[in-house]
Amino acid sequence: MHRKKIHMLVLVGGFVAGGLLSGSTASAAEAGATAAMLANTCAGCHGTNGISGGPAMPTIGGLPANYLKTVMEQFKDGSRPSTIMGRLAKGYSDEENALLADAFSKFKWESAQSHPNSKKATAIDPALAAKGAELQASAKCDKCHEDGGVFQDDDTPRVGGQWLDYLLFKMQDLKNAALKVPQPKKMETAIEKLSLEDLTAIAHFYASKK
Amino acid sequence: MSMLNRRGFVKLSGAAALVGLSAATVSRKGFAAAKGHVVVIGGGYGGAIAAKYIRMADPGIDVTLIEKNEFYYSGPLSNWVIAGFRDIEVQKWGYEGLKKHGVKMVHEEATGIDPAAKTVTTKSGAKIKYDRLIVSPGVDFKPVEGYDAEASEKMPHAWSAAGPQTVTLTKQLMAMRDGDPFVMVAPPDPYRCPPGPYERASLVAHYLMKNKPKSKVIILDPKDKFSKMGLFTGGWTKLYGYGTDKSLIEWIPGGEGGKVARVDAKTMTVHTEMAEFKSSCINIIPPQKAGAIAEMAKLTDESGWCPVHFETFESKIHKDIHVIGDSSVASPMPKSGYAANSEAKVAAAAIVALLNGQKPGEPSYVNTCYSLLSPTSGISVAAVYKLVEGKIKEVGGGLSAGDAPDFVRAQEAVYNESWYQSIMADTFS
Ligand SMILES: Cc1cc2nc3c(=O)[nH]c(=O)nc-3n(C[C@H](O)[C@H](O)[C@H](O)COP(=O)(O)OP(=O)(O)OC[C@H]3O[C@@H](n4cnc5c(N)ncnc54)[C@H](O)[C@@H]3O)c2cc1C
C-alpha cells in the first residue's frame, strides 16, 4: 500500500525535476509545456496519474505509449468515435500528444478492483464473469488479449482490470457498426459472431481481473 | 532541526513526507529550514489541489492549508441532490487525504492578509508567515434588495459550497404543493458555474414531471442568453415541452422582464420591474464577486474580481500572492471546478519552480463542465487553453453535438458522475 504510493510520488517528482531542467536551459515559451504540466490537466477526468476514480472514465495510467499516442491522434482526426475526447484532443499538437503518451505510459497501472471506489461502482457479477471467461476463450480474444486481458503490447491495450462501465460502453460501441471503432480485422470478425449479451459477459470477466 | 538534518532525513526515507511528519510536526525552525512555506486559503476545488500538487512535486516545500470548515460539500452534482436522486452525504469530503501528503491543516477562518509582512491572520489571532500565498476562497454575493442572511434561509441560494443551503432547497421542493411554481432567480455574468442554473432547472423539471405535474419552473433571468443555451433549450423541447403552453420550464430573459428589482422573504415574493412571482419554493442565485478575504486584502479591482498573471496566477496587485479558482479573472476560462483544478496546477508548478530558483514553465489549461438534462441525458462543454501573448486562448474543444443520439447523451450522463469521482479523488485523496 505505502510502497505503491511512494512509487507514484517518485514518478511525479521525477517529471517535475525533468521539466525544470529543460526549463532552465531554454526560455519557457520555446520549451513548451512539460509532460507533467500537460498530463496533470487530464487528471480531473482520468484521475491522479491516470488512475481513474471510475466507474466509467477509463484508467489510462500504465497503458502502452504507442497505443496512447495512436488513440490521441485518432481522437484528433475523428477516426475514433468518442463522446468528448475528440473535442479535447484537438487542443494538443502531435508533439504534445507524444509527450502525453509517454507520461501516462510511465505511471503504474492500478486495476479498478483494487481502487477504493470499486465498492461503489457497478458490481461485477461472478456468474457473468465466468461465462465471459469461456466466451472470450472460444472466440479467441485471448490470442491477443492474453492472460484474461491483462497482457498489453505496443498496439494492444490492457483490458483486464479496466473499469466495468467503460468496458460496457466499449462493447456497445463495438456492436454499433456505424461507429467504425478502429480495431484489427481478426477482432472485428470475432466480435461480429458474438451478441451484446456475450460481450457484456466478457466485459464482466475483463473487469474482474486484478 | 537543522537544514542538513531535515534534508538528509527526507533523502534517507522518502516516506517521511507521506506519513505527514514534515509539516505537521516540525517546529517553526523546521519551516524556515524547508525550501519555503506556502500558505493556502480555502480548501475547495482550487486550494486543496494546489496544496496537494505542491507537496507531490516537491516534499521539501512546507504547505499549510487554512480552511474554515471541517468538511467540504461539493457544489458540482448538488443539483442532483435538489432534484431528489442523490444523497447529500456523497457530496461531503474531509481533509485526511491531504494530511497524508504532508499538508498541515488549520481549520480556521482567515481574517486578514498583510502583503508587506507576508502574513495571514486567522480568527483566533494567530499570524502565519508565508513565502508564497495562494488564495482560493470561491465567491461571495453582491446585494439584492430584500435579500439578507435571514432571507437566504427562506429563499435559499444553494450556490456556495453546498451543504445546509442545498438541504433547505431540497426540502422546500419536496414540500411544495403541486401547482406552485419553482421560482429561480438566475445571476448576471460572470458567476460560478455558468450552466449550473439551467442544469438545476432541467433536473427540477424532471422531478416535477414525475411528482408535481401541475407545477413548473420559472427562471427569472437578467441575461438574454446563457451557457450551452442551444443544448439546454433543445433538451427542454424534447423532454419538458419547452415552447408549448404545457412546458415544465418557462425562461423569462432580461429583455422580456426577467430582471429582478427586489425580493420579499416575508411574503415569499419576487418583484421584477413589471410583475411579481409568489411561491413556497424560491431559489435566489445572487450576483457574485470574489470571496470576501480577497476583497479585504485588496486583491480585487473595480470589477470585484482578482486580476492575475496567467503563467503563475500571481496577483497583478500584490507580489507573492496567487489567486486561483472563482475569485480570479481567467476568462475565457469559466468559473468552474475543473477550471479551478487546472489553474491550481499551473500555480502549483510555478510556485515549485520559483521556490527552487527556477523560471516557471509554460502553462497548459483545461476546462470541462458536464450538465444533466435529465438523470439519463448528459451534455458537456470542453476546452483546452494555452497562453498566447500573455492571454489565455482556447486552442481546442467545443460543445456536445446538438444532434447527438440518445446513447451518447446517456454515456455522457454516466461520465458526468465518473468525472466527479476522479476529480474528487484528485482533490481529496
Ligand atoms: C450548484 C453548483 C453546481 C456546480 N457544478 C459544477 C460542475 O458540474 N462542474 C464544475 O466544474 N463546476 C461546477 N460548479 C462550480 C464549482 O463549485 C466552483 O467553480 C469551484 O468550487 C471553485 O473552486 P474555488 O476553490 O474557487 O472555491 P470553492 O470550491 O468554493 O472553495 C472555497 C473554499 O474556501 C473556504 N474559504 C472561503 N473564505 C475563507 C476564509 N476567509 N478562511 C478560510 N476558508 C475560507 C470555503 O469554506 C471553501 O471551502 C458548481 C457550483 C455550484 C454552486
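Hydrogens, waters and symmetry mates are skipped; everything else that's a heavy atom, side chains included, is used. Keep in mind that what you see is a predicted model, and the values were worked out from it rather than measured.
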(request) Indicate, with yes or no, if the rings of A/Phe169 and B/Phe407 have centres closer together than 6.0 Å. (result) no

(message) In this structure, is the centre-to-centre distance between the rings of B/Phe85 and B/Trp80 below 6.0 Å?
(response) yes

Under 4.5 Å from any heavy atom of chain A, what part of [X] do you find: side chain, backbone, both or neither?
X: B/Ala383; value: backbone
X: B/Val90; value: neither
X: B/Ile49; value: neither
X: B/Thr427; value: neither
X: B/Tyr370; value: side chain

If you count heavy-atom pairs under 4.5 Å between each of [options] and chain A, which one has the most?
options: B/Val395, B/Thr368, B/Val384; result: B/Val384
options: B/Gln421, B/Glu412, B/Gln411, B/Glu417; result: B/Gln411
options: B/Lys345, B/Lys386, B/Glu394; result: B/Lys345
options: B/Val366, B/Val414, B/Asp426; result: B/Asp426
options: B/Ala425, B/Ser364, B/Ala348, B/Ser429; result: B/Ser364
options: B/Ala404, B/Ala401, B/Gly398; result: B/Gly398

(message) Whether B/Lys99 and B/Glu96 form a salt bridge (side-chain N of Lys/Arg under 4.0 Å from carboxylate O of Asp/Glu) is what I want to check.
(response) yes

(request) Using a strict cut-off of less than 4.0 Å between a Lys/Arg side-chain nitrogen and an Asp/Glu carboxylate oxygen, indicate whether B/Arg132 and B/Glu314 qualify as a salt bridge. (result)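 Between B/Glu314 and B/Arg132 there is a salt bridge, with a charged N closer than 4.0 Å to a carboxylate O.
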
(request) Can you tell me which residue pairs pass the side-chain hydrogen bond (donor to acceptor under 3.5 Å, both in side chains) test with a partner in residues 194-210 of chain A, sequence neighbours excluded? (result) A/Ser195-A/Asp198

(request) Indicate whether the side chain of A/Arg158 and that of A/Thr59 have a donor and an acceptor atom separated by less than 3.5 Å. (result)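 On atom types as modelled, these side chains do not qualify, holding no pair under 3.5 Å.
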
(message) Take a 6.0 Å sphere around NZ of A/Lys69 and say whether it holds more than 12 heavy atoms from other residues, nucleotides or ligands.
(response)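 Not more than 12 within 6.0 Å, no.
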
Tell me which of these, [options], has more heavy-atom pairs under 4.5 Å with chain B than the rest.
options: A/Gly53, A/Gly44, A/Cys45; answer: A/Gly44
options: A/Lys76, A/His46, A/Met37; answer: A/Met37
options: A/Ser82, A/Gly47, A/Ala56; answer: A/Ala56

(message) Using 30° and 60° as the class boundaries, would you call the ring planes of B/Tyr385 and B/Tyr365 parallel, tilted or perpendicular?
(response)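 Perpendicular, since the angle between the ring planes exceeds 60°.
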
(request) Is it possible for you to check whether B/Arg192 lies under 6.0 Å from the centre of the six-membered ring of B/Tyr338, through NZ or CZ, and within 45° of that ring's axis? (result) no

(request) Answer yes or no: is there a side-chain heavy-atom contact under 4.5 Å between A/Leu100 and A/Leu68? (result) no

(request) Against chain B, label A/Leu168 side chain, backbone, both or neither, depending on which of its atoms sit under 4.5 Å from a heavy atom there. (result)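 Contact with chain B: none, neither part.
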
